[in-house]
Amino acid sequence: MPALQRADASMAPVEGDTPAVTTLQARADLASADAGTNGRRAAGEDPVKREQIIDGAKRIFMAVGFDAASMNDITREAGVSKGTIYVYFDGKEDLFAAMIERERAKVVASMKHVMQTNHGPVDAVLRDFGVTFVTHLCSDTTVRGMKMVLNVSERMPDLSHRFFSASPENGYSILRAYLESKIAEGLLEIEDTDLAARQFIELCMPGLFKRRLFGWLPVPPDADEIDRTVRSAIAMFLKFYIAKK
């Protein structure tokens, strides 16, 4: 559907809205958000407005969960009209997936930074990577997001697929690329780098992630516990994969 048609369709009255108010507010939001330096942005293409909507949705999802969150709540929290939200997102499921994808992208960028800026020994780089990954995975935002998806996975399989599907670049792919570079340098001996990357990440999480996910660990593990677990993982991993001289 063309952007203009989609924007017009989004202006239709919805339950709980006054039609005239909804229409006028949506048009006002779009007029304000879509003005660009070279004229006007196409409807739904203002990154600042999109981030504003996701920020509001995140606060609602984290406060009440996916099922209890309503588009009216998100509208009020984001400070936009419901019509404007539907210009950017298809609905609550699409908003939730966008929130998850944005958080994932932030962590991927952080892990890439670790790999690109740390030129020290292999164990030091793996430590930085492992601590960054586990800290993210055990955070309140990630754990609550996973619980929300699991709660609706049977009746909303598409949402689960979007949440768990592998993106072109993720923690595994970043670690695999690093391992392959160290193989090329003669520092590691690994036949299956995909398997090795998954093994290392699993070694970094025993006793932490599952306890967080199932509520046995009500708060994120502290930095010392994460560091101790990651150091142990590195010792086991390198004992098996370090190049034999």
Side-chain angles (χ1 to χ4, degrees), residues 50-78 82 85-86 88-112 114 129-175 197-230 233:
R50 187 176 189 275
E51 289 297 295
Q52 177 183 339
I53 295 170
I54 295 176
D55 286 341
K58 179 181 177 180
R59 290 191 290 270
I60 295 298
F61 286 135
M62 292 299 106
V64 302
F66 179 82
D67 279 331
S70 72
M71 292 302 282
N72 284 333
D73 292 335
I74 294 171
T75 295
R76 286 191 292 270
E77 187 67 26
K82 191 174 292 185
I85 288 184
Y86 282 109
Y88 286 82
F89 302 97
D90 293 334
K92 187 169 72 169
E93 178 179 332
D94 192 31
L95 251 175
F96 182 77
M99 180 196 78
I100 295 299
E101 288 161 7
R102 186 184 71 171
E103 298 304 311
R104 178 186 296 164
K106 290 179 181 178
V107 176
V108 167
S110 178
M111 290 187 291
K112 283 184 67 175
V114 167
F129 176 90
V131 168
T132 299
F133 189 90
V134 175
T135 299
H136 160 69
L137 201 65
C138 292
S139 69
D140 286 332
T141 297
T142 301
V143 170
R144 295 183 73 176
M146 286 189 174
K147 286 182 177 180
M148 281 186 250
V149 173
L150 290 172
N151 285 338
V152 300
S153 59
E154 291 188 4
R155 55 190 170 86
M156 300 177 67
D158 289 344
L159 181 59
S160 298
H161 177 74
R162 287 185 68 175
F163 185 89
F164 290 107
S165 62
S167 57
E169 191 171 52
N170 52 49
Y172 293 104
S173 65
I174 292 171
L175 179 57
R198 295 179 184 279
Q199 287 173 331
F200 179 72
I201 287 174
E202 291 296 326
L203 285 171
C204 288
M205 298 188 295
L208 300 180
F209 174 64
K210 287 185 179 179
R211 284 196 294 160
R212 285 287 286 138
L213 187 61
F214 290 100
W216 300 341
L217 193 62
V219 297
D222 61 35
D224 288 341
E225 186 172 7
I226 292 176
D227 185 65
R228 181 177 66 86
T229 305
V230 170

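Remember, predicted model here, so these are calculated numbers, not experimental data.
Of all non-hydrogen atoms in I53 and L95, the two that sit nearest each other are CG2-CD2, 3.8 Å. In terms of heavy-atom proximity, P221 sits nearest to C138 at CD-CB, 3.7 Å. For V143 against R212, the heavy-atom pair with the smallest separation is CG1-O, 3.7 Å. When every heavy atom of F89 is checked against every heavy atom of I54, the shortest pair comes out as CZ-CG1, 3.6 Å. Taking both residues in full, the closest heavy atoms of F66 and K92 are given as O-NZ, 2.8 Å, listed atom of the first, atom of the second, then distance. Between V131 and I226, the closest heavy-atom pair is CA-CG2, 4.1 Å.
Taking the side chain as every heavy atom from C-beta outward, M148 and M62 approach each other to under 4.5 Å. At a threshold of 4.5 Å between non-hydrogen side-chain atoms, the residues M99 and T141 do not count as touching. Residues L208 and V134 have side chains in contact (heavy-atom distance under 4.5 Å, counting atoms from C-beta outward). Within the 4.5 Å cutoff, side-chain heavy atoms of L213 are placed close to those of L150.
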Inset, instruction - Take I85 and I74 through the side chain to side chain contact (heavy atoms under 4.5 Å, CB included) test and state the conclusion after the steps. - result: CA-CA 9 Å; I85 288 184; I74 294 171; 3.9 Å; yes
Inset, instruction - With side chain to side chain contact (heavy atoms under 4.5 Å, CB included) as the test, would you mind laying out the steps for V149 and I100 before giving the verdict? - result: CA-CA 10 Å; V149 173; I100 295 299; 5.5 Å; no
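At distances below 3.5 Å, not a single donor-acceptor pair connects side-chain atoms of T132 with backbone N or O atoms of M111. Panel note: side chain Q52, backbone A78; a donor-acceptor pair is recorded below 3.5 Å. Remark: side-chain polar atoms of T75 are paired, donor with acceptor, to backbone N or O of M71 under 3.5 angstrom. Remark: side-chain polar atoms of S173 are paired, donor with acceptor, to backbone N or O of N170 under 3.5 angstrom.
Residues passing the side chain to side chain donor-acceptor pair (under 3.5 Å) test with D227, sequence neighbours excluded: R127, R231. The side-chain contact (heavy atoms from CB on, under 4.5 Å) search around D55 returns R59, R102, not counting sequence neighbours. Under the side-chain contact (heavy atoms from CB on, under 4.5 Å) criterion, A197 pairs with L175, R176, L179, not counting sequence neighbours. Looking at residues two or more places apart in sequence or on another chain, you find a side-chain contact (heavy atoms from CB on, under 4.5 Å) between K112 and V108, Q116, E169, I174. Residues passing the salt bridge (Lys or Arg N to Asp or Glu O under 4.0 Å) test with R144: none are found, sequence neighbours excluded. Residues passing the ring pair (Phe, Tyr, Trp, His ring centres under 6.0 Å) test with F209, sequence neighbours excluded: none. In this structure, the side chain to side chain donor-acceptor pair (under 3.5 Å) partners of K58, at least two apart in sequence or on a different chain, are E103. For the ring pair (Phe, Tyr, Trp, His ring centres under 6.0 Å) test, residues two or more places apart in sequence or in another chain that qualify with F200 are F237. Residues satisfying the side chain to side chain donor-acceptor pair (under 3.5 Å) test with R228, not counting sequence neighbours, are none. Residues forming a side chain to side chain donor-acceptor pair (under 3.5 Å) with S110 (at least two apart in sequence, or on another chain): none. Contacts of K210 classified as salt bridge (Lys or Arg N to Asp or Glu O under 4.0 Å), with partners at least two apart in sequence or in another chain: none.
Residue pairs meeting the side chain to side chain donor-acceptor pair (under 3.5 Å) criterion with at least one member in residues 215-225, sequence neighbours excluded: R211-E225.
Residue S70 is tested with N72, D67, D73 for a side-chain hydrogen bond (donor to acceptor under 3.5 Å, both in side chains); the sole match is D73.
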